[in-house]
Novice: 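Following this message is one structure expressed as structure tokens.
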2 protein chains.
Amino acid sequence: MSRTASSTDVFAAIADPTRRAILDLLRQGEQPVKQIAQPFKMSLPAISQHLSVLCEVELVTQRKKGRQRFYRLNPEPLKQVSDWVNHYEQFWQEKLDILGDYLEDNP
Amino acid sequence: MSRTASSTDVFAAIADPTRRAILDLLRQGEQPVKQIAQPFKMSLPAISQHLSVLCEVELVTQRKKGRQRFYRLNPEPLKQVSDWVNHYEQFWQEKLDILGDYLEDNP
DNA sequence: TTTTTAGTTAAGCAAATACTTAACTATTAT
DNA sequence: ATAATAGTTAAGTATTTGCTTAACTAAAAA
């Protein structure tokens with residue numbers, strides 16, 4: 001069973017704070033590279049490299065328009081992270097309590 | 001406002017698949033190092049090093065008993081990851097739908 | 001056509017990572 | 001006391017990462 005980079009390395013992709021910040025930005029909607037880069041102190045190539053890491057794990061997609069490239073969030077691979085983390089969720093109870101109460105009353 | 005390593009680097013700590021596997025193991029309860037190391041192909045020092053990374057971000061705690069050291073899961077720092085990922089959760093709707101329905105009926 | 005703009009790709013580098021083996025510390029057993 | 005066990009720490013190494021500047025490609029504007 002082969003594991004593709006896109007499916008295995010999502011955890012590595014979100015390990016970098018800059019890449020998480022980029023994803024956070026993209027929640028506002030798709031944006032061209034220059035606009036994505038603006039809030040960061042690093043060079044444009046650095047951002048471009050981060051974007052290709054995100055692209056490889058399919059956390060973002062690209063759309064060309066003229067000489068601009070719009071990057072758009074694709075959060076679906078984060079489900080992997082969510083699923084993994086949820087195994088530990090019994091340890092911060094609040095949310096589960098609400099859901100638990102609901103399920104108890106609606107079997 | 002200083003950011004401690006333990007609060008900032010949880011994402012980096014769980015980026016490594018071996019460390020995630022260790023955490024998964026520890027869900028069964030606390031275990032001594034040798035037992036933790038058993039399923040892995042790498043050396044004991046390698047596992048020991050992974051355990052200290054997990055220790056630094058407080059994802060595990062230590063308890064000494066005789067010459068053994070029992071490591072125990074402390075999943076609380078994962079809340080950080082959970083919180084971050086939840087911002088993207090609107091994209092895989094099922095769970096939120098259940099909770100949403102509940103909140104709608106119980107305002 | 002020339003120049004500007006938007007962005008990527010290439011090359012290089014310093015620092016961090018994930019290991020290894022060897023040496024060490026502490027505790028228990030003989 | 002000596003040896004075995006459980007584990008960490010040290011030192012070294014190959015690889016990966018996150019950046020940089022410089023060179024490139026493609027599209028739009030002059």
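Letters go in sequence order (proteins before strands), and every chain restarts at 1.
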Novice: From C-beta outward on A/Q49, which listed nucleotide comes closest to its side chain: D/dC19, D/dG7, D/dA29?
Specialist: D/dC19
Novice: Nearest to the side chain of A/M42, heavy atoms from C-beta on, is which of D/dG7, D/dC19, C/dC19?
Specialist: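 Nearest listed nucleotide: D/dC19.
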Novice: Report yes if at least one side-chain N or O of A/S43 is closer than 4.0 Å to OP1 or OP2 of D/dC19; otherwise report no.
Specialist: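 No, because none of the side-chain N or O atoms of A/S43 sits under 4.0 Å from OP1 or OP2 of D/dC19.
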Novice: Among the candidates C/dT8, C/dC19, D/dT8, find the nucleotide nearest to the side-chain atoms of B/S48.
Specialist: D/dT8
Novice: Check the hydrophobic clustering (I, L, V, M, F, W, Y; side-chain heavy atoms under 4.5 Å; chains of links allowed) and say if A/L54 and A/F70 are grouped together.
Specialist: no
Novice: Only one of A/R69, A/R63, A/Q35 forms a side chain to side chain donor-acceptor pair (under 3.5 Å) with A/E30, so which one is it?
Specialist: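 Filter result, single survivor: A/R63.
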Novice: Do A/D24 and B/Y88 pair up side chain to side chain, a donor and an acceptor below 3.5 Å, judged on atom types alone?
Specialist: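 Yes - a donor-acceptor pair under 3.5 Å links their side chains.
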Novice: As a test of reading the structure: which of C/dT28, D/dA22, C/dA6 is closest to the side chain of A/P45, going by heavy atoms?
Specialist: D/dA22
Novice: In whole Å, I'd like the distance from the CG atom of A/L51 to the P atom of D/dC19.
Specialist: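 Checked: the CG to P distance equals 12 Å.
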Novice: What's the closest nucleotide to the A/D16 side chain, out of C/dT8, D/dC19, C/dC19?
Specialist: D/dC19
Novice: Starting at atom CZ of A/R67, determine the distance to atom P of C/dT4, rounded to an integer number of angstrom.
Specialist: 12 Å
Novice: Nearest whole Å is fine: how far is C/dG7 C1' from A/F70 CZ?
Specialist: 13 Å
Novice: From CG of B/L44 over to C1' of C/dT20, roughly how many Å is that when rounded to an integer?
Specialist: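 Between C1' of C/dT20 and CG of B/L44: 13 Å.
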Novice: What is the nucleic acid contact for A/P32, judged by heavy atoms within less than 4.0 Å: base, sugar-phosphate only, or nothing?
Specialist: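 The answer is sugar-phosphate, as A/P32 gets under 4.0 Å only of primed atoms, P, OP1 or OP2.
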Novice: Rounded to whole angstroms, how far apart are NZ on B/K64 and P on C/dT25?
Specialist: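 One finds 14 Å between P of C/dT25 and NZ of B/K64, rounded.
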Novice: Taking all non-hydrogen atoms of both residues, which atom of B/P39 and which atom of B/L25 are closest, and how far apart?
Specialist: CG-CD1, 3.9 Å
Novice: Does some side-chain heavy atom of A/V53 sit less than 4.5 Å from a side-chain heavy atom of A/D16?
Specialist: no
Novice: Could you state the atom-to-atom distance from CD of A/Q31 to C1' of C/dG7 in whole Å?
Specialist: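 The answer, rounded to whole Å, is 16 Å.
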Novice: Under 4.0 Å, heavy atoms only, any strand: does B/Y71 hit a base, just the sugar-phosphate, or nothing?
Specialist: sugar-phosphate
Novice: Round to the nearest Å and state the distance from B/Q38 atom CD to D/dA6 atom P.
Specialist: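 About 12 Å, once rounded to whole Å.
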Novice: Is it true that the side chains of A/Y71 and A/Q62 contain a donor and an acceptor less than 3.5 Å apart?
Specialist: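 Distance-only check passes for A/Y71 and A/Q62.
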Novice: Which residue, B/V33 or A/K41, contacts DNA chain D at a nucleotide closer to its 5' end, judged by nearest heavy atom?
Specialist: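 Nearest nucleotide further toward 5': that of B/V33.
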Novice: Which part of the nucleic acid, if any, lies within contact of B/Q62, taking any heavy atom under 4.0 Å across all strands shown: a base, the sugar-phosphate backbone alone, or nothing?
Specialist: sugar-phosphate
Novice: Rounded to the Å, how far apart are B/Q35 CD and D/dT5 C1'?
Specialist: 16 Å
Novice: State whether B/R19 places a side-chain N or O below 4.0 Å from either non-bridging phosphate oxygen (OP1 or OP2) of C/dA18.
Specialist: yes
Novice: The side chain of B/R69 is closest to which nucleotide in this list: D/dG7, C/dA10, C/dA6?
Specialist: D/dG7
Novice: Measuring to OP1 and OP2 of D/dC19, would you say a side-chain N or O of A/H50 lies under 4.0 angstrom away?
Specialist: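 Checking A/H50 against D/dC19: at least one side-chain N or O falls below 4.0 Å of OP1 or OP2.
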